[in-house]
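A quick write-up on the structure given underneath.
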Amino acid sequence: MTTVRINAGRAYDVHIGAGLTARAGELARSVLSPCRICVITDTTVQRLYLEAVKKSLSDAGFSVCSYAFPAGEQSKNMTTLSDILEFLAERGITRSDAILALGGGVAGDITGFAAGVFLRGIKFIQMPTTLLAAVDSSVGGKTAVDLKAGKNLAGVFLQPSMVICDTDTLKTLPGETLACGIAEAIKTGVLFDEELFSLFENGRVSKDTLPFIIERCVTHKGRVVEADEFDRGERQLLNLGHTVGHAIEKLSAYGVSHGHAVAMGMGIIARASAASGYCGDDTAKRIERALINNSLPVSCGFSAAELSRAALSDKKRKGDTINLVIPESIGRCRLMKINIDGLESFIKKGTEA
Ligand SMILES: NC(=O)c1ccc[n+]([C@@H]2O[C@H](COP(=O)([O-])OP(=O)(O)OC[C@H]3O[C@@H](n4cnc5c(N)ncnc54)[C@H](O)[C@@H]3O)[C@@H](O)[C@H]2O)c1
Ligand SMILES: [Zn+2]
């Protein structure tokens, strides 16, 4: 097991390793006194891992209940949130109890939100079971649900009390879901870490390297969150590929998954940046190669006009400008303000290249 400490406003440990489900109860005891824990999961993860997690928690002296919502992004909404809150209230969960998110980014985001607002805030633990949740969403304290107007438009900042990542759970991930996490890990490489990036550039990564990839990504994300917990500056770098990616998700009515949309967004931004002279052609080509090597798409069927219109309804817009993350070289990116009138022509350089 490796442990990464995140020194956010509330400091916590991220434990990464094989076989951690069996140790979840024991690990949770280091941050929680004996109490009730409600495990929130989706129906797919429920079938695979819920019983083992419940056993581990009850063996460690916790009293456990659980709630499962239908798997998929369509569940990440106010209705599911409200159902979870009603369930917690019916079960008489108090402020000395806790909830645990078991699953991917959807379970993590919605459970974190529920923890932030139920009784004005109770503790929660993240147990990510997708690579995307392990490398990205389980760390950093952003919680959310989607609104009809767009993704992640309602949520709170709330850091978990602990993150427990059992890398064995990643073995049951379908290839396409695994690739979504790879997209976020490639993003981390482009942002901060050429050595990490080269793993993807050199070919398809093997499952054996996932624990290393998770540790590196969590360490980088932790450093950014420590510097800018509430997303006022440096943390916005983590949005590389996301402005266009969120537009793709929205235009596809969430038919394109988050990770695939981010991969397409990174491809488009990389080509647009090279065509604008912000980075060399080789940087854009390397980003494309790393994505393609790992079965990820680098372009989409939407036009620049559609993408910029959808992107401008995104919450990252500030007045007449929008912040974009521009790769300068592998391992170095910068935030750039683009005038909203220029967004479509910038994106066009990436969709037509
Ligand atoms: N909070 C953040 O900082 C942050 C960061 C990145 C992404 N996100 C959010 O994360 C979400 C995407 O996360 P995701 O890709 O994990 O989606 P997800 O939670 O929907 O999981 C994807 C699918 O994999 C299944 N699954 C989960 N674990 C499994 C396992 N071990 N074996 C087999 N199947 C398994 C799930 O049931 C689901 O069908 C998006 O809503 C995105 O906005 C949040
Ligand atoms: Zn993301």
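Atoms within each ligand, like the ligands themselves, are counted from 1 in listed order.
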Under a 4.0 Å N-O cut-off, is there an ion pair linking K285 with D282? no

Please determine whether D136 has a backbone or side-chain N, O or S atom lying under 2.8 Å from the Zn ion (ligand 2). no

Charged N-O contact under 4.0 Å between K142 and D231: yes

Give the C-alpha distance, both sets of side-chain angles, the deciding distance and a yes or no for salt bridge (charged side-chain N to carboxylate O under 4.0 Å, His left out) between R23 and D166. CA-CA 9 Å; R23 294 185 55 197; D166 181 348; over 6 Å; no

Ligand 1 contact by E176, heavy-atom criterion under 4.0 angstrom: no

With respect to D42, determine whether any N or O atom, backbone or side chain, lies less than 3.5 Å from an N or O atom of ligand 1. yes

Basic-acidic side-chain contact under 4.0 Å: R223, E226: no

Going by distance only, is there an N or O of E184 that falls short of 3.5 Å from an N or O of ligand 1? no

Applying a 4.0 Å heavy-atom criterion (strictly less than), which segment of V106 is in contact with ligand 1: side chain, backbone, both, or neither? both

Is the shortest side-chain N to carboxylate O distance from R216 to E195 below 4.0 Å? yes

Examine R235 against ligand 1 and note whether any of their N/O atoms are separated by less than 3.5 Å. no

Does an N or O from T143, backbone or side chain, lie closer than 3.5 Å to an N or O of ligand 1? no

